[in-house]
Amino acid sequence: MNGIDNPLSSTLGNAILRDVTLRDGLQLTGKILPTERKIETVRQLLRLGVPAIELGSMARADLVPTMANTLEVVQALTADELERCWIWVATPGHVAKASAAGARNFQYCLSASDSHNKANIGRTTDQSLDALPEAVELAQTVGGNIQLCIATSFTCPFEGYVPEERVLSIANDPRAAGTTDIVICDTLGQAVPAQVSQLITRVRNESPARRIVYHGHDTWGLGVANTLAAIQAGAAMVDGALGGLGGCPFAPGASGNTSSEDILFATRPGWLNPEVFGELVHLSGKLLEELGEPNRSKAAQGAHSKAAAFEWVMPVL
(Lines give C-alpha, C1' and ligand atoms only; values in the text may rest on other atoms or scores of the structure.)
Protein backbone atom coordinates (compact mmCIF):
# COMPACT_ATOMS: atom_id res chain seq x y z
CA MET A 1 0.00 0.00 0.00
CA ASN A 2 1.34 3.46 -0.81
CA GLY A 3 0.25 6.97 0.22
CA ILE A 4 -2.07 7.39 -2.75
CA ASP A 5 -3.90 4.12 -2.04
CA ASN A 6 -4.16 4.83 1.68
CA PRO A 7 -7.84 5.21 2.68
CA LEU A 8 -6.82 8.23 4.79
CA SER A 9 -5.56 10.06 1.70
CA SER A 10 -7.17 13.37 0.78
CA THR A 11 -10.04 13.01 3.21
CA LEU A 12 -10.11 16.75 3.78
CA GLY A 13 -11.01 17.95 0.31
CA ASN A 14 -8.90 19.72 -2.27
CA ALA A 15 -7.02 22.18 -0.07
CA ILE A 16 -3.43 22.69 -1.18
CA LEU A 17 -0.25 23.46 0.73
CA ARG A 18 1.75 26.62 0.14
CA ASP A 19 5.23 26.27 1.56
CA VAL A 20 6.41 29.58 3.04
CA THR A 21 9.88 28.50 4.18
CA LEU A 22 11.67 31.03 1.98
CA ARG A 23 9.64 33.97 3.28
CA ASP A 24 8.09 33.60 6.71
CA GLY A 25 10.40 30.72 7.50
CA LEU A 26 13.58 32.74 7.01
CA GLN A 27 12.50 35.99 8.68
CA LEU A 28 14.04 35.23 12.07
CA THR A 29 17.02 33.09 11.02
CA GLY A 30 20.48 34.31 11.84
CA LYS A 31 21.92 33.21 8.50
CA ILE A 32 21.15 34.58 5.05
CA LEU A 33 20.45 31.89 2.48
CA PRO A 34 22.38 32.55 -0.76
CA THR A 35 20.38 33.26 -3.91
CA GLU A 36 21.41 30.03 -5.64
CA ARG A 37 20.40 27.99 -2.60
CA LYS A 38 16.97 29.63 -2.57
CA ILE A 39 16.51 28.94 -6.28
CA GLU A 40 17.55 25.33 -5.76
CA THR A 41 15.08 24.97 -2.89
CA VAL A 42 12.20 26.38 -4.95
CA ARG A 43 12.93 23.93 -7.75
CA GLN A 44 13.31 20.98 -5.38
CA LEU A 45 9.94 21.71 -3.77
CA LEU A 46 8.22 22.12 -7.13
CA ARG A 47 9.78 18.90 -8.42
CA LEU A 48 8.48 16.97 -5.42
CA GLY A 49 4.96 18.24 -6.12
CA VAL A 50 4.46 21.05 -3.60
CA PRO A 51 1.64 23.01 -5.27
CA ALA A 52 2.58 26.54 -4.21
CA ILE A 53 5.55 28.38 -2.69
CA GLU A 54 6.02 31.78 -1.10
CA LEU A 55 9.53 32.56 -2.27
CA GLY A 56 10.27 35.84 -0.56
CA SER A 57 9.29 39.32 0.52
CA MET A 58 9.66 42.90 -0.62
CA ALA A 59 10.30 43.97 2.98
CA ARG A 60 13.16 46.43 3.42
CA ALA A 61 16.51 44.67 3.44
CA ASP A 62 17.74 46.76 6.38
CA LEU A 63 14.82 45.50 8.47
CA VAL A 64 14.66 41.91 7.20
CA PRO A 65 18.12 41.12 5.76
CA THR A 66 17.20 37.53 4.85
CA MET A 67 14.83 38.89 2.18
CA ALA A 68 17.40 41.08 0.44
CA ASN A 69 17.89 38.76 -2.55
CA THR A 70 14.21 38.07 -3.24
CA LEU A 71 14.11 39.82 -6.62
CA GLU A 72 17.21 37.94 -7.75
CA VAL A 73 15.37 34.69 -7.05
CA VAL A 74 12.31 35.89 -8.99
CA GLN A 75 14.44 36.90 -11.98
CA ALA A 76 16.12 33.49 -12.10
CA LEU A 77 12.91 31.47 -12.28
CA THR A 78 10.91 30.67 -15.41
CA ALA A 79 7.40 31.98 -16.04
CA ASP A 80 6.04 28.46 -15.50
CA GLU A 81 7.81 28.21 -12.15
CA LEU A 82 6.60 31.65 -11.11
CA GLU A 83 2.99 30.64 -11.77
CA ARG A 84 3.24 28.52 -8.60
CA CYS A 85 5.13 31.11 -6.56
CA TRP A 86 3.95 34.00 -4.37
CA ILE A 87 5.71 37.09 -3.08
CA TRP A 88 4.88 39.15 0.03
CA VAL A 89 4.12 42.82 -0.65
CA ALA A 90 2.77 45.70 1.43
CA THR A 91 2.63 48.65 -0.99
CA PRO A 92 1.83 49.35 -4.65
CA GLY A 93 5.54 50.08 -5.13
CA HIS A 94 6.32 46.56 -4.00
CA VAL A 95 3.95 45.16 -6.61
CA ALA A 96 5.49 47.32 -9.33
CA LYS A 97 9.05 46.21 -8.53
CA ALA A 98 8.15 42.55 -8.13
CA SER A 99 6.09 42.43 -11.32
CA ALA A 100 8.90 44.09 -13.29
CA ALA A 101 11.13 41.21 -12.15
CA GLY A 102 8.57 38.66 -13.36
CA ALA A 103 6.37 37.94 -10.33
CA ARG A 104 2.67 37.43 -11.00
CA ASN A 105 1.26 36.28 -7.64
CA PHE A 106 1.27 38.82 -4.82
CA GLN A 107 0.28 38.58 -1.16
CA TYR A 108 -0.67 42.10 -0.02
CA CYS A 109 -0.35 42.06 3.73
CA LEU A 110 -1.86 44.31 6.37
CA SER A 111 -2.81 43.68 9.98
CA ALA A 112 -6.20 43.63 11.64
CA SER A 113 -4.68 45.61 14.51
CA ASP A 114 -3.26 49.09 13.93
CA SER A 115 -0.46 48.53 16.44
CA HIS A 116 0.95 45.56 14.55
CA ASN A 117 0.45 47.21 11.18
CA LYS A 118 2.48 50.20 12.37
CA ALA A 119 5.22 47.93 13.72
CA ASN A 120 5.25 45.70 10.64
CA ILE A 121 4.58 48.12 7.81
CA GLY A 122 4.91 51.61 9.31
CA ARG A 123 1.36 52.81 8.73
CA THR A 124 -2.16 52.30 10.02
CA THR A 125 -4.37 49.54 8.72
CA ASP A 126 -6.59 52.13 7.06
CA GLN A 127 -3.62 53.62 5.23
CA SER A 128 -2.71 50.15 3.94
CA LEU A 129 -6.29 49.69 2.73
CA ASP A 130 -6.17 53.10 1.03
CA ALA A 131 -3.20 51.92 -1.05
CA LEU A 132 -4.69 48.52 -1.90
CA PRO A 133 -6.74 49.54 -5.00
CA GLU A 134 -3.58 50.79 -6.72
CA ALA A 135 -1.80 47.53 -5.85
CA VAL A 136 -4.73 45.55 -7.27
CA GLU A 137 -4.66 47.57 -10.48
CA LEU A 138 -0.92 47.00 -10.91
CA ALA A 139 -1.35 43.25 -10.38
CA GLN A 140 -4.22 43.10 -12.87
CA THR A 141 -2.20 45.06 -15.44
CA VAL A 142 0.32 42.20 -15.65
CA GLY A 143 -2.36 39.51 -15.51
CA GLY A 144 -1.47 38.63 -11.95
CA ASN A 145 -3.31 37.58 -8.80
CA ILE A 146 -3.30 39.49 -5.55
CA GLN A 147 -4.33 38.24 -2.14
CA LEU A 148 -5.67 40.28 0.74
CA CYS A 149 -3.67 38.97 3.71
CA ILE A 150 -4.95 39.88 7.18
CA ALA A 151 -2.25 39.37 9.81
CA THR A 152 -3.18 39.23 13.53
CA SER A 153 -6.65 37.95 12.64
CA PHE A 154 -7.04 36.41 16.11
CA THR A 155 -4.66 38.13 18.50
CA CYS A 156 -2.18 41.02 18.41
CA PRO A 157 1.06 41.12 20.45
CA PHE A 158 0.30 44.70 21.48
CA GLU A 159 -3.51 44.84 21.71
CA GLY A 160 -4.45 41.29 22.64
CA TYR A 161 -7.69 39.73 21.37
CA VAL A 162 -8.86 40.89 17.93
CA PRO A 163 -12.68 40.89 17.51
CA GLU A 164 -14.06 38.90 14.61
CA GLU A 165 -16.00 41.97 13.50
CA ARG A 166 -12.71 43.78 12.92
CA VAL A 167 -11.55 41.06 10.54
CA LEU A 168 -14.94 40.96 8.79
CA SER A 169 -14.89 44.73 8.31
CA ILE A 170 -11.55 44.45 6.48
CA ALA A 171 -12.72 41.43 4.49
CA ASN A 172 -15.79 43.39 3.36
CA ASP A 173 -14.02 46.71 2.75
CA PRO A 174 -14.72 47.93 -0.81
CA ARG A 175 -11.07 48.92 -1.15
CA ALA A 176 -10.28 45.19 -1.27
CA ALA A 177 -12.32 44.69 -4.45
CA GLY A 178 -10.37 42.72 -7.03
CA THR A 179 -8.37 40.63 -4.58
CA THR A 180 -8.55 37.01 -5.65
CA ASP A 181 -7.93 35.38 -2.27
CA ILE A 182 -8.24 36.28 1.40
CA VAL A 183 -5.60 35.04 3.85
CA ILE A 184 -6.59 34.64 7.49
CA CYS A 185 -3.49 34.63 9.72
CA ASP A 186 -2.96 33.31 13.21
CA THR A 187 0.25 35.33 13.40
CA LEU A 188 1.03 34.46 17.02
CA GLY A 189 -0.21 30.87 17.00
CA GLN A 190 -2.60 31.60 19.89
CA ALA A 191 -5.89 30.56 18.27
CA VAL A 192 -7.69 27.29 18.98
CA PRO A 193 -9.56 25.15 16.40
CA ALA A 194 -13.02 26.41 17.35
CA GLN A 195 -11.93 30.01 16.78
CA VAL A 196 -10.32 29.19 13.45
CA SER A 197 -13.38 27.29 12.25
CA GLN A 198 -15.77 30.03 13.32
CA LEU A 199 -13.84 32.91 11.77
CA ILE A 200 -13.21 31.16 8.46
CA THR A 201 -16.85 30.11 8.27
CA ARG A 202 -17.92 33.71 8.80
CA VAL A 203 -15.46 35.04 6.22
CA ARG A 204 -16.72 32.43 3.74
CA ASN A 205 -20.38 33.28 4.39
CA GLU A 206 -20.25 37.01 5.03
CA SER A 207 -17.64 38.45 2.66
CA PRO A 208 -17.15 38.53 -1.13
CA ALA A 209 -16.48 35.13 -2.69
CA ARG A 210 -12.74 34.50 -2.83
CA ARG A 211 -10.48 31.57 -2.19
CA ILE A 212 -9.75 31.36 1.53
CA VAL A 213 -6.18 30.78 2.69
CA TYR A 214 -5.17 29.95 6.25
CA HIS A 215 -1.76 30.88 7.67
CA GLY A 216 -0.98 29.44 11.09
CA HIS A 217 1.83 29.20 13.61
CA ASP A 218 2.49 26.43 16.11
CA THR A 219 3.42 28.49 19.16
CA TRP A 220 0.94 26.72 21.45
CA GLY A 221 1.14 23.34 19.72
CA LEU A 222 -2.14 23.63 17.79
CA GLY A 223 -0.76 24.40 14.35
CA VAL A 224 -1.92 21.19 12.67
CA ALA A 225 -5.24 21.08 14.55
CA ASN A 226 -5.98 24.67 13.52
CA THR A 227 -4.98 23.94 9.93
CA LEU A 228 -7.35 20.96 9.76
CA ALA A 229 -10.12 23.08 11.29
CA ALA A 230 -9.48 25.74 8.64
CA ILE A 231 -9.70 23.20 5.82
CA GLN A 232 -12.92 21.73 7.18
CA ALA A 233 -14.36 25.25 7.43
CA GLY A 234 -13.57 26.01 3.78
CA ALA A 235 -9.93 27.05 3.43
CA ALA A 236 -8.62 25.96 0.03
CA MET A 237 -4.96 26.80 0.63
CA VAL A 238 -2.95 26.45 3.85
CA ASP A 239 0.54 27.67 4.69
CA GLY A 240 3.38 25.74 6.27
CA ALA A 241 7.16 25.90 6.54
CA LEU A 242 9.73 23.12 6.48
CA GLY A 243 10.55 21.94 9.97
CA GLY A 244 8.26 24.55 11.51
CA LEU A 245 10.77 27.27 10.71
CA GLY A 246 9.90 30.93 11.11
CA GLY A 247 8.23 33.72 13.02
CA CYS A 248 7.57 37.44 12.69
CA PRO A 249 10.33 39.88 13.73
CA PHE A 250 7.68 42.51 14.45
CA ALA A 251 5.39 40.28 16.55
CA PRO A 252 6.87 39.47 19.97
CA GLY A 253 5.79 35.98 20.99
CA ALA A 254 5.42 34.58 17.48
CA SER A 255 7.27 31.32 16.94
CA GLY A 256 7.65 28.94 14.02
CA ASN A 257 5.08 28.27 11.33
CA THR A 258 3.07 25.10 11.31
CA SER A 259 5.35 22.47 9.80
CA SER A 260 4.81 21.64 6.13
CA GLU A 261 5.74 18.02 6.86
CA ASP A 262 3.14 17.80 9.63
CA ILE A 263 0.40 19.31 7.44
CA LEU A 264 1.22 16.96 4.57
CA PHE A 265 1.34 13.88 6.78
CA ALA A 266 -2.05 14.83 8.23
CA THR A 267 -3.79 15.63 4.94
CA ARG A 268 -2.15 13.12 2.57
CA PRO A 269 -2.68 14.94 -0.76
CA GLY A 270 -2.80 12.72 -3.83
CA TRP A 271 0.71 13.69 -5.01
CA LEU A 272 2.28 12.60 -1.73
CA ASN A 273 3.51 9.09 -1.04
CA PRO A 274 6.05 7.74 1.47
CA GLU A 275 8.94 8.07 -1.00
CA VAL A 276 8.17 11.70 -1.82
CA PHE A 277 7.62 12.42 1.87
CA GLY A 278 11.02 10.95 2.66
CA GLU A 279 12.67 13.21 0.08
CA LEU A 280 10.89 16.21 1.56
CA VAL A 281 12.03 15.31 5.08
CA HIS A 282 15.60 14.91 3.80
CA LEU A 283 15.47 18.28 1.98
CA SER A 284 14.10 19.95 5.10
CA GLY A 285 16.67 18.44 7.42
CA LYS A 286 19.57 19.47 5.21
CA LEU A 287 18.28 23.05 4.89
CA LEU A 288 17.69 23.45 8.62
CA GLU A 289 21.14 22.08 9.36
CA GLU A 290 22.67 24.67 7.01
CA LEU A 291 20.75 27.42 8.79
CA GLY A 292 21.63 26.14 12.25
CA GLU A 293 17.93 25.89 13.13
CA PRO A 294 16.10 23.14 15.05
CA ASN A 295 13.63 20.86 13.29
CA ARG A 296 10.28 21.22 15.07
CA SER A 297 8.34 18.86 12.82
CA LYS A 298 6.86 15.90 14.69
CA ALA A 299 6.25 14.09 11.39
CA ALA A 300 9.90 14.50 10.44
CA GLN A 301 10.87 13.04 13.79
CA GLY A 302 8.49 10.16 13.17
CA ALA A 303 9.98 9.56 9.75
CA HIS A 304 13.36 9.02 11.41
CA SER A 305 11.99 6.58 14.00
CA LYS A 306 12.74 2.86 14.21
CA ALA A 307 9.16 1.74 13.53
CA ALA A 308 10.24 0.26 10.22
CA ALA A 309 6.97 -1.62 9.61
CA PHE A 310 5.21 1.73 9.09
CA GLU A 311 5.50 2.74 5.44
CA TRP A 312 6.06 6.43 6.22
CA VAL A 313 9.24 5.74 8.19
CA MET A 314 12.32 6.50 6.10
CA PRO A 315 14.59 3.53 5.36
CA VAL A 316 17.98 3.58 7.07
CA LEU A 317 20.65 4.34 4.47
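Since the structure is predicted, the reported quantities are computational estimates derived from the model, not experimental observations.
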Distance in Å, S113 OG paired with K118 NZ, rounded so as to fall on 0.5 Å steps: 10.0 Å

Test side chain to side chain contact (heavy atoms under 4.5 Å, CB included) applied to K31 - qualifying residues, sequence neighbours left out: L291

Derivation and outcome, side chain to side chain contact (heavy atoms under 4.5 Å, CB included), residues L55 and K38: CA-CA 8 Å; L55 58 72; K38 287 186 176 182; over 6 Å; no

Which atom of L33 lies closest to which atom of N69, heavy atoms considered: O-ND2, 3.1 Å

From S57 atom OG to L22 atom CG, the distance as rounded to the nearest 0.5 Å: 12.0 Å

Test item: T125 side-chain N/O and S111 main-chain N/O as donor-acceptor pair under 3.5 Å: yes

Spacing of CD belonging to E206 relative to OG belonging to S169, to within rounding of 0.5 Å: 12.0 Å

Hphob cluster co-occupancy, M67 + I121, side-chain heavy atoms under 4.5 angstrom: no

Whether T70 side chain and M58 backbone form a donor-acceptor pair below 3.5 Å: no

Short side-chain to backbone donor-acceptor contact, S260 and G240, under 3.5 Å: yes

Residue pair D80 / T78, side-chain donor-acceptor N/O under 3.5 Å: no

Greater than 12 external heavy atoms within 6.0 Å of E137's CD: no

Any Q195 side-chain heavy atom under 4.5 Å of D186 side chain: no

Passing candidate, salt bridge (Lys or Arg N to Asp or Glu O under 4.0 Å) with R18, options D181, D239, D24: D239

T187 to T152 - nearest heavy-atom pair and separation: OG1-N, 2.8 Å

Under 3.5 Å: donor-acceptor pair, side chain of N226, backbone of L222: yes

Q107 side-chain N/O to C149 backbone N/O, donor-acceptor pair under 3.5 Å: no

Pairwise side-chain contact, L245 with N257, heavy-atom cut-off 4.5 Å (strictly under): no

Connected via hydrophobic side-chain network under 4.5 Å: F310 and L272: yes

I182 side chain near V213 side chain, heavy-atom distance below 4.5 Å: no

pair V183-L148: side-chain heavy atoms closer than 4.5 Å: no

Q198 and R202 side chains, donor-acceptor separation under 3.5 Å: no

Flag for T124-D114: side-chain donor and acceptor within less than 3.5 Å: no

Donor-acceptor contact present, side-chain D262 to main-chain K298, <3.5 Å: yes

F277 and F265 aromatic ring geometry - parallel, tilted or perpendicular at 30°/60° bounds: tilted

Non-hydrogen side-chain atoms of F106 and Q147 separated by less than 4.5 Å: no

Atom pair SG (C109) and CD1 (I150), whose distance is rounded to the nearest 0.5 Å: 9.5 Å

Least distance between heavy atoms, G243 atom then E261 atom: N-OE1, 2.9 Å

From CA spacing to verdict: side chain to side chain contact (heavy atoms under 4.5 Å, CB included), V238, I16: CA-CA 6 Å; V238 294; I16 65 169; over 6 Å; no

Considering all heavy atoms, the nearest S197-A233 contact: O-CB, 3.7 Å

I32 reachable from L288 in the ILVMFWY side-chain graph, under 4.5 Å edges: no

I212 reachable from M237 in the ILVMFWY side-chain graph, under 4.5 Å edges: no

Sequence neighbours excluded, every pair satisfying side chain to side chain donor-acceptor pair (under 3.5 Å) that has a member inside residues 86-96: none

Side-chain heavy-atom pair I87, N105 within 4.5 angstrom cut-off: no

Check ion pair E289-K286 (N to O, under 4.0 angstrom): no

Check: T155 side chain, Y161 main-chain N or O, donor-acceptor pair, under 3.5 Å: no

ILVMFWY network linking V20 to L17, side-chain heavy atoms under 4.5 angstrom: no

Distance in Å, L264 CG paired with S259 OG, rounded so as to fall on 0.5 Å steps: 8.0 Å

For R210 against A171, the heavy-atom pair lying closest together: NH2-O, 2.9 Å

Closest approach of A98 to L71 (non-hydrogen atoms, all atoms of both residues): CA-CD2, 3.9 Å

Test item: S284 and N295 side chains (from C-beta on) under 4.5 Å apart, heavy atoms: yes

Ion pair R175/D130, N-O distance below 4.0 Å: yes

Atom pair SG/CD of C85 and E54 - distance to nearest 0.5 Å: 10.0 Å

Donor-acceptor contact below 3.5 Å, side chain R104 vs main chain V142: yes

4.5 Å side-chain heavy-atom contact, T179 and Y108: no

Whether R123 side chain and S128 backbone form a donor-acceptor pair below 3.5 Å: no

